[in-house]
Asks: 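Provided herewith is a single structure, encoded as structure tokens, for subsequent inquiry.
Throughout, residue positions are numbered sequentially from 1 according to the sequence presented. Read the numbers this way: they start at 1 and go in the same order the structure lists the ligands and their atoms.
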Amino acid sequence: MDVFKVSGNGPLNGEIKVGGAKNAALPILAATLLTDETVVLKNVPDLSDMRFMIEILQHVGAETVQPEPGTWEITAKEITHIAPYELVRKMRASVCLLGPLVARMRKAEVSIPGGCVIGPRPIDLHIKGLQKLNCQVDIANGYVHVDASEIKGGPIFLGGRSGSTVTGTANIVMAAVLAPGSTRLECAACEPEVVDLCNLLVKMGAQIDGIGSPELTITGVDKLHGCEHSVIADRIEAGTFVIAAAITRGDVTVKGIAPKLLSAFLDKLEEAGLPMELGDDTIRVLPYEGSLKPVDVITLPHPGYPTDLQAQLGALMTQTDGISIITERIYPNRFMHVPELQRMGANIAMEGPSAIIKGASKLSGAPVMASDLRASAALILAAFAATGDTWIQRIYHLDRGYERFEQKLTGIGAKIERLHEREMPKELLEE
Ligand code: EPU
């Protein structure tokens, strides 16, 4: 297994480019199953999660061609309706095959994804939405079995305990675009990644009104066709780079991201006193004297503060003067990075779903364990502000969602080396 050796190397400086959004590309890849014509997708990030999704598409019968890096041509002429456990277990997001299979095949058998370290990831709302579309849904032997022979549009309220669901909305929209009649979807997720999926579906011939709002009206059509689509930029990758610049007091321009996709995040950083210049598709972070101010933030569905930038903000707040409170409302257990940050010298107390961070900690390098994608990023960011070397194990989590992370950050002056575990000093390896 690979590990990262990260050494604090002072301020980061220069330009860094954002890639395509993982969480948009995954349901968009699944959406290619909705037509037997070729869909050409551009700006698809090169990540292990994409490779899992391509593998599943191939398994159900799609032809996939990669004419150049970042571009995929997918033709799903004849497909089956079964997504087996061996493939689905590798990635939770494969649940978003449910919608396209139901729409196209009028039946689906998709293995229920397993648990996840950031907390329970139920699919009850996906099931409820399908039932409201007049589908018969049964759970047996670890699979969701859907009989959609009588599928038809109708009113659906898709809200759950924590509000809207991102992949749940994706699934129900994809199921509804080929269902007879009209579907009014209330409490739909408004995340930019859902908007990007809807925009692709419209290019494929779907009729969707209210895109970007919590109320979508979908009028079913008989058939969808091929098209070309470029995946939107990854706002979470962009936010992670902004924090990398802030935590090192660097001068960094993050390119290829519309700041309006990150309003809640940028608003918090502005409140913290981080000097920034926002362009149409750039965010420049400027160096600052003294300390940033602490923040009090609660993660919420879009347009609220994104849970996927919670851990990274926590890393930054270990360095500000004062006490920050970071409350996680989407995945209350998403604090696996906290004990690792504590090992580096951070002063953080947990109080229910809130991390209370006493800032201005002197961090020092330590061997730490990545537990999930965003936790991995938070540990690397903390390592930039630490003295000495930080060794980060289980970085395969990071490779699921950050494309060429270490190359991109090395390009603006970071010191990150990808090494094999056996190159770690023996005394630092876990038992
Ligand atoms: N929920 C239910 N029932 C459901 C579905 C969700 O109660 O049927 C709850 C969840 O437990 C959670 C909340 O609703 O508390 C929101 O979950 P959501 O369904 O929106 O999450 P998701 O679609 O499974 C996507 C991203 C996550 C991101 C969340 C929230 C993808 C592939 N994943 O997950 O991304 O954290 O939305 O924005 O789009 C990541 O990239 O690191 C990541 C975990």
Asks: I'd like to know if the side chain of Thr35 and the backbone of Leu224 have a donor-acceptor N/O pair within less than 3.5 Å.
Replies: yes

Asks: Please list the nearest protein heavy atom to atom 32 (C) of ligand 1 with its residue and the distance rounded to 0.1 Å.
Replies: Asn23 OD1, 3.3 Å

Asks: Using a 4.0 Å cutoff against the non-hydrogen atoms of Tyr331, which atoms of ligand 1 qualify?
Replies: 12 (C), 17 (O), 18 (P), 21 (O), 22 (P), 24 (O), 29 (C), 34 (O), 36 (O)

Asks: Does only the side chain of Ile330 get under 4.0 Å from ligand 1, or the backbone, or both, or neither? Count heavy atoms.
Replies: both

Asks: Among all protein non-hydrogen atoms, which one is nearest to atom 30 (C) of ligand 1, and what is the separation to 0.1 Å?
Replies: Thr307 CG2, 3.8 Å

Asks: Using a 4.0 Å cut-off to any heavy atom of Arg92, which atoms of ligand 1 qualify?
Replies: 24 (O)

Asks: One thing to verify: whether Lys22 and Asp308 come together as a salt bridge, which I'm taking to mean a side-chain N less than 4.0 angstrom from a carboxylate O.
Replies: no

Asks: From the options Glu237, Arg374, Lys408, select the one residue that forms a side chain to side chain donor-acceptor pair (under 3.5 Å) with Tyr402.
Replies: Arg374

Asks: If I apply the N/O under 3.5 Å rule, does Thr167 come out as touching ligand 1?
Replies: yes

Asks: With atom 24 (O) of ligand 1 as the reference point, say which of Met53, Arg121, Glu328 has the nearest heavy atom.
Replies: Arg121

Asks: How far is atom 3 (N) of ligand 1 from its nearest protein heavy atom, and which residue and atom is that?
Replies: Asp124 OD1, 2.7 Å

Asks: Quick one: CG on Asn199 to CD1 on Ile208, what's the gap to the nearest 0.5 Å?
Replies: 8.5 Å

Asks: Distance from Arg334 atom CZ to Ile326 atom CD1, nearest 0.5 Å?
Replies: 12.5 Å

Asks: Given Ile28, which of Ile232, Asp196, Val44 fulfils the side-chain contact (heavy atoms from CB on, under 4.5 Å) condition?
Replies: Asp196

Asks: Heavy-atom contacts with Lys22 under 4.0 Å: which atoms of ligand 1 show up? List them by number with element.
Replies: 40 (C), 41 (O)

Asks: Report yes or no: does Thr253 contribute a side-chain atom to a donor-acceptor pair with the main-chain N or O of Arg284 at less than 3.5 Å?
Replies: no

Asks: Checking a contact table here: which protein heavy atom is nearest atom 19 (O) of ligand 1, and how many Å away?
Replies: Thr165 OG1, 2.6 Å

Asks: Short question: side chain of Gln319, backbone of Ser361 - any donor-acceptor pair under 3.5 Å?
Replies: yes

Asks: Would you check the N or O atoms of Ser162, main chain and side chain alike, for any that come under 3.5 Å of an N or O of ligand 1?
Replies: yes

Asks: Atom 25 (C) of ligand 1: which protein heavy atom is closest, and how many Å away?
Replies: Val166 CB, 3.9 Å

Asks: Consider every N or O of Leu26 and every N or O of ligand 1, then say whether any pair is closer than 3.5 Å.
Replies: no

Asks: Look at atom 5 (C) of ligand 1 and find which of Pro122, Ser164, Gly168 reaches it with the closest heavy atom.
Replies: Pro122

Asks: Who's the nearest protein heavy-atom neighbour of atom 41 (O) of ligand 1, and how far?
Replies: Arg374 NH2, 2.8 Å

Asks: Test of understanding: given a 4.0 Å heavy-atom threshold, classify the contact between Leu125 and ligand 1 as side chain, backbone, both, or neither.
Replies: both

Asks: Quick check: does any side chain N or O of Glu228 sit under 3.5 Å from a backbone N or O of Val40, one acting as donor and the other as acceptor?
Replies: no

Asks: Nearest protein heavy atom to atom 43 (C) of ligand 1, by residue and atom, and its distance?
Replies: Asp308 OD1, 3.4 Å

Asks: Will you find, in the side chains of Glu63 and Thr75, an N or O donor that is under 3.5 Å from an N or O acceptor?
Replies: no

Asks: Please determine if Lys90 and Asp49 form a salt bridge, counting it only when a charged side-chain N lies under 4.0 Å from a carboxylate O.
Replies: no

Asks: As an exercise, identify every atom of ligand 1 less than 4.0 angstrom from a heavy atom of Ala93.
Replies: 32 (C)

Asks: From the options Ile416, Leu398, Ile380, Asp2, select the one residue that forms a side-chain contact (heavy atoms from CB on, under 4.5 Å) with Ile392.
Replies: Ile380

Asks: Can a non-hydrogen atom of His302 be found less than 4.0 Å from any atom of ligand 1?
Replies: no

Asks: Does ligand 1 have any atom sitting under 4.0 Å from a heavy atom of His126?
Replies: yes

Asks: Roughly how far apart are Leu381 CG and Leu363 CG, rounded to 0.5 Å?
Replies: 11.5 Å

Asks: Arg334 heavy atoms, cut-off 4.0 Å: which ligand 1 atoms fall inside?
Replies: 36 (O), 40 (C), 42 (O), 43 (C), 44 (C)

